[in-house]
Visitor: 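Next up is a structure, given as structure tokens.
Hydrogens, waters and symmetry mates play no part in the numbers below; they use all other heavy atoms, side chains included. Within every chain, numbering begins at 1; the chains are lettered A, B, ... in the order of the sequence lines, protein sequences first and strands thereafter.
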Amino acid sequence: MNRLRRFLQTPEAIAGAIILALLIVMALAAPLLFPGDPQAIAGPALLPPFQDLSLPLGTDRLGRDVLAELFHGARTSLAVGLAAAAAALLIGSVVGTLAGFAGGLVDDVLMRITDAFQTVPGFLLALAFVSIVGPSLGVVVAAIALGAWTGPARVARAEVLSIRERDYVAGARVIGMHPLEIAFREVLPNALPPVLALSSVIVAAAILTEAALSFLGLGDPNRVTWGGMIAEGRTVLRTAPFLSVVPGIALVLTVLGVYLAGEGVVESTAVRRSLS
Amino acid sequence: MTVLAVSNLAKRYRRGGKPFAAVDDVSFEIGRAETLALAGPSGSGKSTIARLVLRLIEPDAGRIDFEGADFLALSGAALRARRARLQMVFQDPLAAFNPRATVARVLDDPLRIHNIASRAERPRRIAALLERVGLDASLASRAIHEISGGQRQRVAIARAIATRPSLIVLDEAVSALDVSVRGQILELLLDLQRQERIAYLFISHDLGVIRAVAHRIIVLDSGRVAESGDARAVIANPQSAIGKALVAATPRLTRSRP
Ligand SMILES: Nc1ncnc2c1ncn2[C@@H]1O[C@H](COP(=O)(O)OP(=O)(O)OP(=O)(O)O)[C@@H](O)[C@H]1O
Ligand SMILES: [Mg+2]
């Protein structure tokens, strides 16, 4: 409770929290409010918004309900963003911990691999990966994670390098603890806070990357995505701009919300640390 | 019977690009239930010797025999198993534990790692260990940062004796404690030594403390042994220049045991 109050101190954090909460409600409510297939035809094609009460945001080129697509798209965006960020943070923490804790050759090899991944832009990597393996939700998540784990790996490694010199790590060795248990049970949890501070940026980037992939037609074809909606709307941009603008605004608000809320969390923990 | 025999131990570091010896040709032995003190000014190599003996760092030369076997020949699982017999207590009891740990977990680890007690049996063992070092068994559920410094150092000792070691290395183990708490911890250490026949490698810069607990003493100077012998005799009548300086710097030596 206290933590929540501290988190909600700045207006930015409040705005971020509201946007995120709305987004989560949208994602969770999508199958309840719009139980049918959002990709099914719901009315006449290219119906403008605010004309028909049952189709408040109108329909797209094929007569699909834009509001239903928007809700189901929130589901995809959030699921892909969170899953990809979770995967990136997991891979990054494990690689960074192994590199920092083992040192020597293991460290050199792992950091060269990290360098190699970092020099290729994450989006190109995701693009290449999806083009080769084929678009499906799991592949998109993996593709985005592939380009996003290097940041967490570097931060985790730097943190582990300082923690591993602490007395308690020597103490763990003295009682005969296995090096892997020391690395992952004693060191990694204490190295996590600065790594987790990256999560909002990674989630926001992952949502954008997913949208960009979908925009290029490399998203899961069986799911509605905001990127896909923008791409769809592009062909009728002059006559029905709302088809691109509505999902575009949703995307911008989402990324903004994730980022602001993330900053709020980092700030509130920083305040707590400086107070204690 | 000799528990630990160290011969011609050397460890070199680089300082400003030039190699220098942090530990240089040091030899000593510790017998069963004996306390050997390492004294010397700051930077004389005391902690380095402790870390070498514990295999936290590797020597450049020398030999370490522990319980009659070549300790430096061990590696991997064999070394980890042997560590049960050779334990350590650090100076700062807060830094010596994982900041997220509870007292129970800190004591559970050695029992689990060395298969000393089954999972079901361990809570009882932990309670017994806590009582052995003069703490209430109810302390087990507390977080490490929620107990006092003196209690924490008692937990550190409980952890060290959990695996029934024959030797405990204590690097300035009482230096960070209040004088009154220090006396109690020293009493506990002496009591444990009498009951369990544990040997101590006792590192301290405080000759008063050393005289109260140690049988023999080694005085170090720049990584070398300056002098050694019976602790009381050396402190009463130091022969080396560094020994004399250390005694002169400890005014309260006229007082006796804590
Ligand atoms: N990892 C290291 N790298 C370089 N030099 C080191 C390292 N560890 C110790 N030294 C140096 O070795 C010497 C001995 O250090 P050591 O920590 O053993 O001294 P000490 O006797 O324990 O001192 P104190 O009483 O201050 O704890 C010092 O000059 C120290 O600077
Ligand atoms: Mg020292």
Side-chain angles (χ1 to χ4, degrees), chain A residues 2-3 89-90 93-94 96-98 100-107 155-197 199 265 269-276, chain B residues 47 50-57 74-101 105-116 144-145 152 155-163 165 167-173 176:
Chain A
N2 235 336
R3 189 173 291 193
L89 289 170
L90 185 74
S93 317
V94 170
T97 301
L98 282 177
F101 192 75
L105 190 64
V106 177
D107 186 19
V155 173
R157 175 175 175 271
E159 197 69 9
V160 166
L161 278 181
S162 85
I163 291 177
R164 75 166 187 186
E165 301 301 328
R166 302 242 293 262
D167 274 356
Y168 85 86
V169 176
R173 286 175 68 194
V174 166
I175 62 160
M177 196 179 279
H178 193 280
L180 283 177
E181 188 184 352
I182 300 179
F184 289 108
R185 182 160 163 262
E186 301 286 316
V187 176
L188 176 58
N190 292 314
L192 273 185
V195 178
L196 291 180
S199 39
V265 170
T269 51
V271 167
R272 189 166 68 238
R273 245 179 246 157
S274 67
L275 280 181
S276 68
Chain B
S47 298
R51 296 169 71 79
L52 287 169
V53 163
L54 290 157
R55 289 285 305 271
L56 290 170
I57 52 176
L74 297 176
S75 66
L79 174 61
R80 290 199 297 278
R82 201 96 192 103
R83 285 186 183 284
R85 306 283 299 157
L86 174 50
Q87 284 299 301
M88 163 150 207
V89 176
F90 291 86
Q91 169 169 5
D92 177 358
L94 191 55
F97 296 120
N98 187 335
R100 296 163 174 268
R105 189 179 129 186
V106 154
L107 298 178
D108 190 79
D109 282 342
L111 299 175
R112 169 179 56 85
I113 289 166
H114 295 288
N115 275 322
I116 288 169
I144 273 299
H145 60 83
R152 225 174 269 137
V155 171
I157 293 169
R159 169 149 140 149
I161 62 171
T163 52
L167 174 65
I168 301 180
V169 177
L170 302 120
D171 190 352
E172 307 275 9

Visitor: By number, which residues in residues 75-83 of chain B have some heavy atom less than 4.5 Å away from chain A?
Guide: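 Result: B:Arg80, B:Arg83.
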
Visitor: Below 4.5 Å, heavy atoms only, C-beta onward: do B:Asp109 and B:Arg159 meet side chain to side chain?
Guide: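 Yes - at least one pair of side-chain heavy atoms lies under 4.5 Å apart.
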
Visitor: With a 4.5 angstrom heavy-atom cut-off, is it the side chain or the backbone of B:Arg85 that approaches chain A, or both, or neither?
Guide: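 Contact with chain A: none, neither part.
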
Visitor: With rounding to the nearest 0.5 Å, note down the distance linking OH in A:Tyr168 to CG in A:Asn190.
Guide: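 Taking OH in A:Tyr168 and CG in A:Asn190, the distance rounds to 3.5 Å.
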
Visitor: Does some side-chain heavy atom of A:Ser93 sit less than 4.5 Å from a side-chain heavy atom of A:Leu192?
Guide: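 Yes, their side chains come closer than 4.5 Å.
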
Visitor: Are the side chain of B:Arg55 and the backbone of B:Leu74 linked by a donor-acceptor contact shorter than 3.5 Å?
Guide: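 Answer holds: yes.
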
Visitor: Please enumerate all residues that pass salt bridge (charged side-chain N to carboxylate O under 4.0 Å, His left out) together with A:Asp167, with sequence neighbours excluded.
Guide: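 Counting only residues at least two positions away or on another chain, A:Asp167 forms no salt bridge (charged side-chain N to carboxylate O under 4.0 Å, His left out).
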
Visitor: Checking B:Ala84 now: which residues fulfil side chain to side chain contact (heavy atoms under 4.5 Å, CB included) with it, not counting sequence neighbours?
Guide: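 Side chain to side chain contact (heavy atoms under 4.5 Å, CB included) list for B:Ala84, sorted by chain: B:His114, B:Thr163.
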
Visitor: Do A:Val94 and A:Phe184 have side chains that approach each other closer than 4.5 Å (heavy atoms only, starting at C-beta)?
Guide: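 Touching, per the 4.5 Å side-chain cut-off.
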
Visitor: Is there side-chain contact between A:Val169 and A:Glu186, with heavy atoms separated by less than 4.5 Å?
Guide: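 No; the side chains remain at least 4.5 Å from each other.
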
Visitor: So which bits of residues 87-95 of chain B come within less than 4.5 Å of chain A, counting non-hydrogen atoms only?
Guide: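 So the qualifying residues are B:Gln87, B:Met88, B:Phe90, B:Ala95.
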
Visitor: Side chain, backbone, both or neither: which part of B:Ile113 has an atom under 4.5 Å from a heavy atom of chain A?
Guide: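 The answer is the side chain of B:Ile113.
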
Visitor: Salt-bridge test for A:Arg157 and A:Asp107: reply yes if a basic N is under 4.0 Å from a carboxylate O, no otherwise.
Guide: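 Counted as a salt bridge, because a side-chain N and a carboxylate O are separated by less than 4.0 Å.
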
Visitor: Is the backbone of A:Val187 close enough, under 3.5 Å, to the side chain of A:Arg164 for a donor and an acceptor to pair up by distance?
Guide: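 Between the backbone of A:Val187 and the side chain of A:Arg164 there is no qualifying donor-acceptor contact (under 3.5 Å).
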
